Amino acid sequence: MLSHSALTPVHVGLHRLQKRLSILIGILGDWAAFIGAVLILGLGTSWYMIDVGTRLTTEKHGPWVGWTSSGRPDADPYTRAHFARLGTLQLTTEIALTYLAYTDSDGNRLHSSCDYLVEGRDTGNNWWSLTVFNDRGDLIANAAQRYAYTSQSIALRPDGSFGVALGREASPGNWLPTGGAGRLALMYTTFDAGTPMLGKTEAEPKAMPVIRRVQCR
C-alpha cells in the first residue's frame, strides 16, 4: 500500500474526483427522492379531488355525493374530470340535482354479490329517478330491461314511502337487477329548480334515500 509521501498528483486528483462524485451522487439521490415524493403526493391529491371531491366541489348526504357544479359550463376541472371518467351525461345543477352513491348507508362498497334495499319517501312535489350502474358508468344489461325507477313508475307504499330492491335475483315489487356487474354505483336525480344545489349547507338537511345491505353471497 502506498504511503502519503508516495502518492502522485494523479492519485490525489483521482481521490478528490471520487469524493466529489460521491457527494454529487448523494445530492442527486436526495433530489430524486424529493421529486418522487412530490409526484406521488400530487397524483394522489389529484386522484382524490377527481374521485371523491372536497367541500368546495361537492355536498354530501349520507352515502350520496352531489357535485355542485356538474353540467355547468363553468364547472371546475375536477368536476369535469370526475364525470368524464364515469362516462355519464350530467344535467346542469341549475335545473336538477344529481347525487351518486358508491357505498351503502353504513359505508360498505356497493357490490353485485350483495342484495340491497333502497328506501325513501316520495314528496309528490318533484320528479326524481333512481338508476343503477356498474362503477364504469354503464347500465347493467338484463333480460327484464330494468335500469331505473322514477317518481312516475315507482310503486309506493300506502304511507307514501318506497322501497327498491337491488339484487341478482328477481324480487317482488320494485326491483333493479345487478347481475354480475361487480362494483355498483347508484344515481339519484331530482328536478328541484326552485332550490339550486349551489349555496346549500349542512344546516339545510335533505331527505335522501337510505341504502341498506340485506345480505351477501
Side-chain angles (χ1 to χ4, degrees), residues 47-54 57-68 70-71 78-91 93 96-122 126-157 161-191 197 206-217:
W47 175 86
Y48 185 88
M49 292 285 287
I50 292 171
D51 195 65
V52 180
T54 69
T57 56
T58 62
E59 67 168 37
K60 188 172 183 180
H61 302 279
W64 300 97
V65 177
W67 291 71
T68 55
S70 64
Y78 297 110
T79 297
R80 292 175 183 270
H82 176 84
F83 288 104
R85 182 182 66 82
L86 189 61
T88 58
L89 179 64
Q90 296 302 299
L91 296 170
T93 53
L97 311 182
T98 299
Y99 299 89
L100 293 167
Y102 297 96
T103 69
D104 61 24
S105 293
D106 292 325
N108 303 303
R109 189 68 172 83
L110 296 175
H111 198 278
S112 62
S113 60
C114 298
D115 296 335
Y116 301 92
L117 181 62
V118 183
E119 295 183 295
R121 180 169 295 277
D122 182 66
N126 304 310
W127 183 93
W128 57 264
S129 68
L130 179 70
T131 311
V132 63
F133 301 89
N134 62 28
D135 67 348
R136 296 183 302 278
D138 304 320
L139 292 172
I140 300 169
N142 63 90
Q145 296 188 343
R146 293 191 187 185
Y147 310 104
Y149 281 101
T150 72
S151 53
Q152 295 175 318
S153 63
I154 196 82
L156 297 175
R157 296 164 177 162
S161 65
F162 65 83
V164 177
L166 303 179
R168 295 180 177 181
E169 299 178 0
S171 299
N174 306 310
W175 166 62
L176 289 177
T178 58
R183 291 185 173 185
L184 305 174
L186 281 174
M187 178 182 290
Y188 180 77
T189 302
T190 177
F191 282 89
M197 184 184 292
K206 188 174 185 65
M208 298 291 290
V210 175
I211 308 170
R212 182 167 59 86
R213 185 169 67 181
V214 177
Q215 64 176 353
C216 294
R217 295 176 177 80

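Keep in mind the model is a prediction, meaning the values are calculated, not measured. The figures here come from the full heavy-atom set of this structure, side chains too, leaving out hydrogens, waters and symmetry mates.
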Quiz item: If you round to the nearest 0.5 Å, how far is CZ of F133 from CG of L100?
Solution: 8.0 Å

Quiz item: Taking all atoms of both residues into account, what is the closest heavy-atom pair of Y188 and M208, and its distance?
Solution: CD2-CE, 3.6 Å

Quiz item: To the nearest 0.5 Å, what is the distance between CG (D135) and CG (L184)?
Solution: 8.0 Å

Quiz item: Side chain of W175, backbone of R146: donor and acceptor closer than 3.5 Å?
Solution: no

Quiz item: Nearest 0.5 Å, what's the NE2-CG distance between H61 and L97?
Solution: 8.5 Å

Quiz item: Does atom CZ of R183 have more than 12 heavy-atom neighbours, drawn from other residues, nucleotides or ligands, at distances under 6.0 Å?
Solution: no

Quiz item: Which pair of heavy atoms, one from P209 and one from W64, lies closest together, and at what distance?
Solution: O-NE1, 2.7 Å

Practice problem: Would you please name every residue forming a side-chain hydrogen bond (donor to acceptor under 3.5 Å, both in side chains) with W128, sequence neighbours left out? | Solution: D122

Self-check item: Listed partners of N142 passing side-chain hydrogen bond (donor to acceptor under 3.5 Å, both in side chains), at least two apart
Solution: none

N/O donor-acceptor pairs under 3.5 Å from side chains in residues 210-217, not counting sequence neighbours:
from : atom 1 : to   : atom 2 : distance (Å)
Q215 : NE2    : D115 : OD2    : 3.0
R217 : NH1    : D115 : OD1    : 3.0
R217 : NH1    : D115 : OD2    : 3.3
R217 : NH2    : D115 : OD2    : 3.1

Quiz item: Counting N and O atoms only, with roles assigned by atom type, does the side chain of D106 sit under 3.5 Å from a partner on the main chain of N108, one being a donor and the other an acceptor?
Solution: no

Exercise. Find the distance between OH (Y99) and CG (L130) and round it off to the nearest 0.5 Å.
Key: 14.0 Å

Quiz prompt | Nearest non-hydrogen partners of T178 and R168, listed with the distance | solution = OG1-N, 3.5 Å

Practice problem: For a side chain to side chain contact (heavy atoms under 4.5 Å, CB included) with L186, tell me which candidate from L110, T131, T103, V164 qualifies. | Solution: L110

Quiz item: What are the two closest heavy atoms between I140 and G179, and how far apart are they?
Solution: CG2-N, 4.4 Å

Self-check item: Minimal non-hydrogen separation, F162 against A155, with atom names
Solution: CB-O, 4.3 Å

Exercise. Taking all heavy atoms of S112 and all of G180, pick out the closest pair and write down the distance.
Key: OG-C, 3.7 Å

Practice problem: Drop me the distance from D104's CG to L117's CG, to the nearest 0.5 angstrom. | Solution: 12.0 Å

Self-check item: Spacing of OH belonging to Y102 relative to NE2 belonging to H111, to within rounding of 0.5 Å
Solution: 15.0 Å

